[in-house]
There are 2 protein chains.
Amino acid sequence: MEKKLAEALQQLKASDIRITPQRQAVLEFLINSHAHPTADDIYKGLVDKFPGMSVATVYNNLRLFTKIGFVQEMAYGDASSRFDFSSQKHYHAICESCGKIVDTYYPGLDDVETAAEQLTGFKINEHRMELYGICPDCQ
Amino acid sequence: MEKKLAEALQQLKASDIRITPQRQAVLEFLINSHAHPTADDIYKGLVDKFPGMSVATVYNNLRLFTKIGFVQEMAYGDASSRFDFSSQKHYHAICESCGKIVDTYYPGLDDVETAAEQLTGFKINEHRMELYGICPDCQ
DNA sequence: GTACCTGCAAAACGTTTGCAGACAC
DNA sequence: GTGTCTGCAAACGTTTTGCAGGTAC
């Protein structure tokens with residue numbers, strides 16, 4: 001875990017992006033969180049440690065991290081976007097009852113991309129998938 | 001096309017849902033549109049024919065249609081949701097440059113659902129997939 | 001006639017922006 | 001010291017809400 005953070009910080013430094021305490025805290029929160037937090041979750045989680053913390057700062061950094069590829073923004077129907085520190089490729093199983101999001105893995109869906117390229121003429125870079133259903137707790 | 005509309009109206013009638021002119025117009029717009037319109041697109045497209053038309057009515061009906069399964073809401077990052085009259089299962093190819101959304105088809109991804117069920121314990125009902133890339137026009 | 005639907009306006013909500021001061025480098 | 005980042009508050013755009021009147025059945 002600490003390794004991921006150190007790697008990420010190093011990449012920031014290499015890109016001439018300043019490492020402010022707030023920025024590092026947002027990054028740390030994302031790496032340590034397994035709950036796909038919203039911007040507000042992150043804000044609420046950090047405002048104790050950083051009393052003056054602003055939501056704008058959270059959004060600023062989330063946008064930055066998304067742009068450089070550290071995190072993925074997920075905007076699934078719900079009111080607010082969720083953010084995912086994506087270290088490896090995975091899909092999301094979303095509970096239609098309680099809204100919980102669980103990571104799930106499935107290999108070998110790359111041929112979908114080539115198939116779509118032939119069908120649409122797009123040059124596909126990546127794909128995402130969401131599986132909707134009922135989680136064990138809600139069944 | 002008219003067939004789809006008639007079928008849909010019949011299903012509404014069978015569900016004891018009133019067929020108001022505005023409701024029918026929203027439905028018709030969705031069926032005839034191949035452009036995955038936003039709520040505002042629909043409103044703008046209908047306000048000429050229905051001078052008093054309210055956005056609230058558009059949203060009311062979109063929510064209703066989503067609930068009974070006529071349409072799918074797509075909330076992909078953009079500011080506003082898009083709505084898709086889904087007659088058959090398909091996926092979306094989204095251009096990262098211009099935002100265009102094109103339908104694409106790919107068979108036999110149902111085993112992903114069963115795999116996810118075993119991994120997560122979810123009872124999966126459906127899945128969606130988005131392919132991100134660059135469309136022919138933007139390449 | 002009655003319940004549901006519409007239109008209107010205001011409000012709520014998540015997110016973005018402008019700006020002045022602060023701070024990482 | 002400089003340019004970027006932060007915090008604050010106001011603004012923005014989309015969506016929701018409450019309510020009074022209207023209309024499909």
Side-chain angles (χ1 to χ4, degrees), chain A residues 8-29 36-68 70-83 99, chain B residues 8-29 36-68 70-83 99:
Chain A
L9 290 177
Q10 194 164 11
Q11 190 177 333
L12 287 181
K13 200 172 288 184
S15 308
D16 282 324
I17 294 169
R18 291 189 187 163
I19 298 165
T20 66
Q22 294 88 338
R23 176 162 295 158
Q24 179 167 342
V26 172
L27 190 52
E28 222 168 326
F29 191 97
H36 310 88
T38 64
D40 200 54
D41 291 337
I42 299 171
Y43 172 70
K44 286 207 175 68
L46 296 181
V47 77
D48 290 334
K49 219 193 298 182
F50 296 87
M53 186 72 146
S54 158
V55 277
T57 300
V58 175
Y59 280 104
N60 278 341
N61 283 301
L62 286 175
R63 205 176 345 163
L64 174 71
F65 293 156
T66 303
K67 199 171 68 183
I68 63 177
F70 278 8
V71 301
Q72 249 194 17
E73 182 175 358
M74 322 187 286
Y76 305 147
D78 321 64
S80 49
S81 288
R82 299 179 164 277
F83 294 86
Chain B
L9 290 177
Q10 193 163 11
Q11 191 177 331
L12 287 181
K13 201 171 289 184
S15 308
D16 282 324
I17 294 169
R18 290 188 188 164
I19 299 166
T20 65
Q22 294 90 337
R23 176 162 294 159
Q24 178 166 342
V26 172
L27 190 52
E28 221 168 327
F29 191 97
H36 309 90
T38 64
D40 199 56
D41 291 337
I42 299 169
Y43 171 71
K44 286 207 175 68
L46 295 181
V47 77
D48 289 336
K49 218 194 297 183
F50 296 86
M53 185 71 145
S54 158
V55 278
T57 300
V58 175
Y59 280 104
N60 278 341
N61 284 301
L62 285 175
R63 208 179 340 166
L64 173 72
F65 292 158
T66 303
K67 199 172 67 183
I68 62 177
F70 278 9
V71 301
Q72 249 193 17
E73 181 174 359
M74 324 188 284
Y76 304 147
D78 319 64
S80 48
S81 288
R82 298 180 164 279
F83 294 86

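What you see below is based on every heavy atom in this structure, not just the backbone, and it leaves out hydrogens, waters and symmetry mates. Here is the naming used below: chain letters follow the sequence lines, and residue numbers restart at 1 for every chain. It should be emphasised that the depicted structure is a prediction, and the values quoted were computed from it without experimental measurement.
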Which pairs of donor and acceptor atoms, one on a side chain in residues 58-66 of chain B, lie under 3.5 Å apart (sequence neighbours left out)?
unit_1	atom_1	unit_2	atom_2	d
B:N60	ND2	B:A56	O	3.4
B:N61	OD1	B:R23	NE	2.6
B:N61	OD1	B:R23	NH2	3.2
B:N61	ND2	B:T57	O	3.0
B:T66	OG1	B:L62	O	2.7

For A:S81, report the nucleic acid contact type (base, sugar-phosphate, nothing); a contact means any heavy atom under 4.0 Å.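 Contact class for A:S81: sugar-phosphate only.
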Rounded distance (nearest 0.5 Å) linking atom [atom1] of [X] with atom [atom2] of [Y]:
X: B:F83; Y: B:Q72; atom1: CZ; atom2: CD; value: 11.0 Å
X: B:I68; Y: B:L12; atom1: CD1; atom2: CG; value: 5.0 Å
X: A:I17; Y: A:L9; atom1: CD1; atom2: CG; value: 11.0 Å

For atom [atom1] of [X] and atom [atom2] of [N], their distance in whole Å:
X: A:Q24; N: D:dT6; atom1: CD; atom2: C1'; result: 16 Å
X: B:Q22; N: D:dT23; atom1: CD; atom2: C1'; result: 10 Å
X: B:M74; N: D:dT14; atom1: CE; atom2: C1'; result: 16 Å
X: B:K67; N: D:dT16; atom1: NZ; atom2: P; result: 13 Å

Residues in ring-ring contact (aromatic ring centres under 6.0 Å, His included) with B:Y43, at least two apart?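 Partners of B:Y43 under the ring-ring contact (aromatic ring centres under 6.0 Å, His included) test: none.
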So for the helix from C:dG1-D:dC25 to C:dC25-D:dG1, with five pairs setting each end axis, what is the inter-axis angle to 10°?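 Answer for the end axes of this duplex: 40°.
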Go through D:dA24, D:dC5, D:dT14 for me and flag the one nearest to the B:T20 side chain.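 Looking only at heavy atoms from C-beta outward on B:T20, the closest nucleotide is D:dA24.
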Would you mind telling me which of D:dC5, D:dT15, D:dT23 lies closest to the side-chain atoms of A:I17?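 Selected nucleotide: D:dC5.
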For B:T38, check side-chain contact (heavy atoms from CB on, under 4.5 Å) against everything at least two apart and list the hits.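 Partners of B:T38 under the side-chain contact (heavy atoms from CB on, under 4.5 Å) test: B:D40, B:D41, B:S80, B:R82.
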Of residues 55-64 of chain A, the positions that come close to DNA chain C - non-hydrogen atoms, cut-off under 4.0 Å: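 Result for residues 55-64 of chain A: A:A56, A:Y59, A:R63, sorted by number.
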Provide the full list of side chain to side chain donor-acceptor pair (under 3.5 Å) pairs with a residue in residues 9-22 of chain B, sequence neighbours left out, each pair given once.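 Residue pairs passing side chain to side chain donor-acceptor pair (under 3.5 Å), neighbours aside: none found.
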Residues two or more places apart in sequence or in another chain: which of them pass side chain to side chain donor-acceptor pair (under 3.5 Å) with B:E73?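 So B:E73 forms a side chain to side chain donor-acceptor pair (under 3.5 Å) with B:S81.
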Return the minimal non-hydrogen interatomic distance between B:A25 and B:F50, and the atom names on each side.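 Residues B:A25 and B:F50, closest heavy atoms: CB-CE1, 3.4 Å.
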Distance-minimising heavy-atom pair for A:M53 and A:L46: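 Result for this residue pair: CE-CD1, 3.6 Å.
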Between B:D40 and A:S54, who's closer to the 5' end of DNA chain D by nearest nucleotide?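 Nearer the 5' end of the strand: A:S54.
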Mind checking which nucleotides bracket the chain A contacts on DNA chain C, 5' to 3', with an atom under 4.0 Å from a heavy atom?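 So the contact region on DNA chain C extends C:dG14 to C:dC25.
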Strand-adjacent residues in residues 43-52 of chain A, judged by heavy atoms under 4.0 Å from DNA chain D: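 Close to the strand are A:G52.
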